[in-house]
Amino acid sequence: MSDFKPLRSVLYMPSSNERALEKAKTLPADAIIFDLEDAVAPDAKPEARKAAAAAVQSGEYGDRHLIIRVNGIGTEWHADDIRAAAQAGPDVVLVPKVNSAEEVRELVDALAAAGAPEKTTLWAMVETPIGMLNALSIATASERLTGFVMGTNDLVKELYAEHVPGRQPVITGLGLALLAARAAGIVIIDGVYNDVKNVEGFLAEVEQGRQMGFDGKTLIHPGQVEGANSGFAPSEQAVEDARGLIQAWEDGKGAGVVTYNGKMVESLHVESAERTLAIHEAIQALQA
């Protein structure tokens, strides 16, 4: 995991809002999504497209992961968005409501045809019932697809479900997408939390997402960045335990059974500990 980059906080910013784009340069978010879709009014989309491309090419966002979210397949803006995003060359082009492997392959072909540099990968928003059920075929459709983003608002809507603490109505969908992402070896980012004034509820959902295995969380307000960064970072205790476990494993080589803090240690525990340390070290490098 030497090239690991944290993606704890993935903040949506409306590309039609110049002040928001300027503010994003100062925020400690791991990634910025320059949004051309939901956050941008129809008549503002052409200018937003230009602004997003200019932001990505400006070099003024430091080491942040830069993502352009285009409008969805079948919309009147999609083709122009794809061309502009490809030519801007962000780290990622994010596409909403991806429902099939065939759509992924079409998107990959469109990015290549528009001249997207090799470093620009594709992320798919998984936010419909059919998208969840096709998650594995979507995740494995192309090597250029390197991430999922959960669209929980749309999923709740399409299920005729409700937003409730604990997210029980969408747990099955989240689980299907997580299984597919981990089977395919791609990144997966949790959905947004809508009630920006409910800090306690937000932090609870961050904790749930981390426990489930998400790499980070998409955010809709700058005030959520700190909570996501903290919640998806290994705690001091987790780092200490990881180091101790790895040391016990090294010390006990050839001794048969190895234990740490009274618990048996196997190679799978060592792999988990090494991942914890890699995440911790990558976060420390960001803060240096």
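Below, all heavy atoms of this structure are taken into account, side chains as well, without hydrogens, waters or symmetry copies.
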Cluster membership besides V196, Ile/Leu/Val/Met/Phe/Trp/Tyr side chains within less than 4.5 angstrom, sorted by chain and number, is L7, V10, Y12, I33, I67, V92, L94, W123, M125, V149, V187, I189, V192, I220

- Query: Is the shortest heavy-atom distance from the side chain of F202 to the side chain of L219 under 4.5 Å?
  - Reply: yes

Cationic N near anionic O, under 4.0 Å, K45 to E76: no

Output side-chain donor-acceptor pairs under 3.5 Å for residues 98-117, partner residues at least two apart or in another chain, one line each.
unit_1: N99; atom_1: OD1; unit_2: T128; atom_2: OG1; d: 2.5
unit_1: S100; atom_1: OG; unit_2: E103; atom_2: N; d: 3.1
unit_1: E103; atom_1: OE1; unit_2: N99; atom_2: N; d: 2.8

- Query: Any chain of hydrophobic side-chain contacts (each under 4.5 Å) joining L136 to I186?
  - Reply: no

Under 3.5 Å donor-acceptor, R144 side chain and T120 backbone: yes

| query | When you look at K5 and D215, which way does the salt bridge (Lys or Arg N to Asp or Glu O under 4.0 Å) test go after all the steps? | reply | CA-CA 10 Å; K5 288 187 76 171; D215 294 296; over 6 Å; no

Q. If you draw a 6.0 Å radius around CD in E207, do more than 12 non-hydrogen atoms from other residues or ligands fall strictly inside?
A. yes

Between S58 and A55, the two heavy atoms sitting closest are OG-O, 2.7 Å

Near K197 NZ, under 6.0 Å, is it more than 12 heavy atoms from other residues, nucleotides or ligands?
-> no

Tabulate below the donor-acceptor pairs under 3.5 Å that side-chain atoms of residues 23-30 make, not counting sequence neighbours, or state none.
unit_1: K25; atom_1: NZ; unit_2: E22; atom_2: OE1; d: 3.2
unit_1: K25; atom_1: NZ; unit_2: E22; atom_2: OE2; d: 3.3
unit_1: K25; atom_1: NZ; unit_2: E60; atom_2: OE1; d: 2.3
unit_1: T26; atom_1: OG1; unit_2: K23; atom_2: O; d: 2.7
unit_1: D30; atom_1: OD1; unit_2: R8; atom_2: NH2; d: 3.0
unit_1: D30; atom_1: OD2; unit_2: R8; atom_2: N; d: 2.8
unit_1: D30; atom_1: OD2; unit_2: R8; atom_2: NE; d: 2.8

Here the gap from E37 atom CD to I68 atom CD1, rounded to the nearest 0.5 Å, amounts to 14.0 Å

*asked:* Using side-chain heavy atoms (C-beta onward) and a distance below 4.5 Å, is Q208 in contact with I171?
replied: yes

On a heavy-atom basis, the closest approach of A52 and L36 is CB-CD2, 4.0 Å

Applied to residues 22-45, the ring-ring contact (aromatic ring centres under 6.0 Å, His included) test, sequence neighbours excluded, yields F34-Y61

To the nearest 0.5 Å, atom OH of Y193 lies from atom NE2 of H163 at 10.5 Å

_Contact check, side chains of F214 and L178, non-hydrogen atoms, under 4.5 Å_ = yes

Tightest non-hydrogen contact, residues S16 and V40, listed as OG-CG2, 3.9 Å

Contacts of Q237 meeting side-chain contact (heavy atoms from CB on, under 4.5 Å) (sequence neighbours excluded), chain-then-number -> S235, E240, D241

Between E158 and P129 the two heavy atoms that sit nearest each other are OE1-CD, 3.3 Å

In this structure, NE2 of H280 is separated from CD of E236 (nearest 0.5 Å) by 8.5 Å

Of all heavy-atom pairs linking V93 and V70, the shortest is CG1-CG1, 3.9 Å

One should read off an interatomic distance between E205 CD and E200 CD, to the nearest 0.5 angstrom, of 13.0 Å

Q. Would W249 and S267 count as a side chain to side chain contact (heavy atoms under 4.5 Å, CB included) if you check the C-alpha gap in whole Å, the side-chain angles of each, and the deciding distance to 0.1 Å?
A. CA-CA 8 Å; W249 180 257; S267 59; 4.2 Å; yes

Problem set entry | Side chain to side chain, L174 and T152, heavy atoms closer than 4.5 Å | yes

Rounded to the nearest 0.5 Å, the CD1 atom of I32 sits from the CG atom of L11 at a distance of 5.0 Å

- Item | Worked check of side chain to side chain contact (heavy atoms under 4.5 Å, CB included) between D81 and R69 | CA-CA 9 Å; D81 284 356; R69 179 167 75 164; over 6 Å; no

Any non-hydrogen side-chain atom of Q224 less than 4.5 Å from a side-chain atom of K217?
no

- Counting distance only, does the side-chain N/O of S15 pair as donor-acceptor with the main-chain N or O of D35 below 3.5 Å? yes

Using modelled atom types only, decide if a donor and an acceptor are shared between the side chain of T259 and the backbone of M264 within a distance under 3.5 Å.
no

Value for OG1 (T276) from CD (E281), rounded to nearest 0.5 Å, stands at 11.0 Å

Do F148 and I130 share a hydrophobic cluster (ILVMFWY, side-chain heavy atoms under 4.5 Å, transitive)? no

Measuring only between side-chain heavy atoms, which start at C-beta, is P169 closer than 4.5 Å to V164? yes

The remaining residues in the hydrophobic cluster of W77, counting side-chain heavy-atom contacts under 4.5 Å among Ile, Leu, Val, Met, Phe, Trp and Tyr, are none

- Task: Taking E127 for its side chain and K97 for its backbone only, find out whether a donor-acceptor pair lies under 3.5 Å.
- Result: yes

Using only atom types and a distance under 3.5 Å, with no angle test, would you say the side chain of N71 pairs donor to acceptor with the backbone of T75? no

query: Do the side chains of D91 and T121 get nearer than 4.5 Å, heavy atoms only?
result: no

Please check if the number of heavy atoms outside E118 that lie under 6.0 Å from its CD is greater than 12.
no

Heavy atoms from other residues, nucleotides or ligands near CG of D63 exceed 12 (cutoff 6.0 Å)
no

**Report entry** Side chain to side chain, V206 and S230, heavy atoms closer than 4.5 Å
**Finding:** no

Examine M150 and L159 and state if one hydrophobic cluster contains both, with Ile, Leu, Val, Met, Phe, Trp and Tyr joined whenever side-chain heavy atoms are less than 4.5 Å apart.
-> yes

Heavy atoms of V239 and P234 approach each other most closely as CG2-CB, 3.9 Å

Side-chain heavy atoms nearer than 4.5 Å, only ILVMFWY residues, links allowed to pass through others: does that put L179 and L155 together? no

- Message: Tell me whether D80 is salt-bridged to R83, with the criterion being a basic N under 4.0 Å from an acidic carboxylate O.
- Response: yes

